[in-house]
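Have a look at the structure below, then the notes.
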Amino acid sequence: MKLVTWNVNSLNVRLSHLLRWLEENPVDVVCIQETKLTDDKFPLAALEAAGWHVAFSGQKTYNGVAILSRQPLADVVRNNPRYPDEQQRILAATIGDLRVVCAYVPNGQAVDSEKYVYKLGWMAALRDWLAEELARHPNLAVLGDYNVAPEDRDVHDPAVWEGEVHVSPRERAAFQALLDVGLTDSFRLFEQPEKSYSWWDYRMLRFQKNQGLRIDHILLSQPLVARCTACTIDRAPRKWPQPSDHTPVIATLAEA
DNA sequence: ATGGCGCTTCGCAAGCGA
């Protein structure tokens with residue numbers, strides 16, 4: 001089965017991209033970030049017509065997350081129960097024998113800004129909650145836009161980015177703390193092309209020059225690591241007209 | 001050093017993203 005994470009940067013604008021990509025790519029679970037839609041505006045009918053079970057949690061203008069699944073979703077949880085948050089950034093659901101968490105980690109804006117402090121606190125609370133989720137659900141997959149490039153090889157030019165938001169030592173430590181509860185970055189289980197990224201700035205021809213960051217990740221608990229046979233980034237939709245600045249990341253799991 | 005682009009909104013400029 002295939003699990004996907006994709007920050008669509010407005011589901012309103014990108015619905016046609018999403019539907020096209022889903023037609024071209026037979027997958028089972030899709031975690032979406034930055035829907036930027038209140039729940040009353042969510043395109044539920046279009047996605048159900050395409051054969052998806054859907055859970056979503058949105059707000060006006062910013063953030064918003066959704067999970068699409070070929071199988072029914074159960075035990076849907078909005079937000080981190082340990083961290084009251086007006087911003088809609090987390091959705092969890094049980095799908096078959098998997099517990100799936102869709103996460104949109106705060107951007108952080110600039111190191112030491114108010115938003116950066118929020119990001120670090122938010123990630124620490126996520127870690128605490130994921131430790132509990134993992135105890136309840138050994139088959140845990142956490143997919144999302146983490147807004148952290150874990151290592152220098154995930155950054156097109158580490159010298160330019162040194163100390164900046166997305167790569168700062170405290171953000172990388174907060175990301176490592178997520179792994180330390182018992183999760184693994186599935187992308188690095190496998191040989192990967194050099195200069196693999198999942199986001200490129202719209203400006204300055206960053207995509208054409210492949211000057212990006214790898215900030216969208218699929219983290220797997222140990223039993224799922226044992227089942228994981230591939231993790232890839234699909235750059236194709238970034239080349240379509242009016243693309244999201246992020247591109248899908250796909251993990252493949254063998255049946256238990 | 002700056003801005004470049006794109007999306008959003010009680011739009012016509014500004015906040016935010018990354």
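Here is how names work: the chains are called A, B, and so on, in the same order as the sequence lines, proteins then strands, and each is numbered from 1.
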Please determine if a side-chain N or O atom of [X] lies less than 4.0 Å away from the OP1 or OP2 oxygen of [N].
X: A:Lys115; N: B:dC16; value: yes
X: A:Asn147; N: B:dA18; value: yes
X: A:Tyr104; N: B:dA18; value: yes
X: A:Asn7; N: B:dA18; value: yes
X: A:Ser10; N: B:dG6; value: no

[atom1] spacing across the pair [N] / [M], given as an integer number of angstrom:
N: B:dT2; M: B:dG6; atom1: P; result: 22 Å
N: B:dC5; M: B:dC10; atom1: P; result: 25 Å
N: B:dA1; M: B:dA14; atom1: P; result: 25 Å
N: B:dG11; M: B:dC16; atom1: C1'; result: 15 Å

**OP:** Measure the acute angle between the ring planes of A:Phe56 and A:Phe42, then classify it against the limits of 30° and 60° as parallel, tilted or perpendicular.
**Re:**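 Rings of A:Phe56 and A:Phe42: parallel, under 30°.
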Of the listed nucleotides ([options]), which one gets closest to any side-chain atom of [X]?
X: A:Met204; options: B:dC16, B:dG4, B:dT8; value: B:dG4
X: A:Asn9; options: B:dT9, B:dA18, B:dC7; value: B:dC7
X: A:Val13; options: B:dG17, B:dT8, B:dG3; value: B:dT8

Original post:
For B:dC5, what is the paired nucleotide under Watson-Crick or G-U wobble rules, both distances under 3.5 Å?
Top reply: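 The answer is B:dG17, by the H-bond criterion.
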Original post:
Considering Watson-Crick and G-U wobble pairs with both distances under 3.5 Å, what does B:dC10 pair with?
Top reply: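 Paired with B:dC10, as far as the under-3.5 Å criterion goes, is no nucleotide at all.
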**OP:** Check whether any side-chain heavy atom of A:Trp240 lies under 4.5 Å from a side-chain heavy atom of A:Trp21, and answer yes or no.
**Re:**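 With C-beta onward as the side chain, the pair touches.
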Original post:
Going by modelled atom types, is there a donor-acceptor pair between the base of B:dA18 and the side chain of A:Asn107 at under 3.5 Å?
Top reply: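 Yes, the side chain and the base share a sub-3.5 Å donor-acceptor pair.
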**OP:** Flag this pair as yes if the NZ/CZ of A:Arg214 is under 6.0 angstrom from the six-membered ring centre of A:Trp199 and inside a 45 degree cone about the axis; otherwise no.
**Re:**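 No.
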Interatomic distance where [atom1] belongs to [X] and [atom2] belongs to [N] [whole Å]:
X: A:Arg203; N: B:dG6; atom1: CZ; atom2: C1'; answer: 9 Å
X: A:Tyr146; N: B:dA18; atom1: OH; atom2: C1'; answer: 17 Å
X: A:Ile215; N: B:dG17; atom1: CD1; atom2: P; answer: 12 Å

**OP:** Mind checking A:Glu164 for me? I need base, sugar-phosphate or nothing, with any heavy atom below 4.0 Å counting as a touch.
**Re:**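 A:Glu164: no heavy atom of the nucleic acid under 4.0 Å.
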Original post:
For A:His166, does its backbone N or O pair with a side-chain atom of A:Glu171 as donor and acceptor, under 3.5 Å?
Top reply: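 Yes; judged by distance alone, with no hydrogens or angles, the pair exists.
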**OP:** Enter the distance from A:Tyr62:OH to A:Arg89:CZ here, rounded to the nearest 0.5 Å.
**Re:**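 Here the rounded value is 11.5 Å.
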Subject >> Comparing A:Arg206 and A:Pro243 on DNA chain B - which has the more 5′ nearest nucleotide >> reply: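 Counting from the 5' end, the first nearest nucleotide belongs to A:Arg206.
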Subject >> Most 5' of A:Gln87 and A:Gln242 on DNA chain B, judged by nearest nucleotide >> reply: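 Here A:Gln242 is the residue nearer the 5' end.
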Original post:
Between the side chains of A:Glu34 and A:Ser10, is a donor N or O closer than 3.5 angstrom to an acceptor N or O?
Top reply: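 Note: A:Glu34 and A:Ser10 side chains miss the donor-acceptor criterion.
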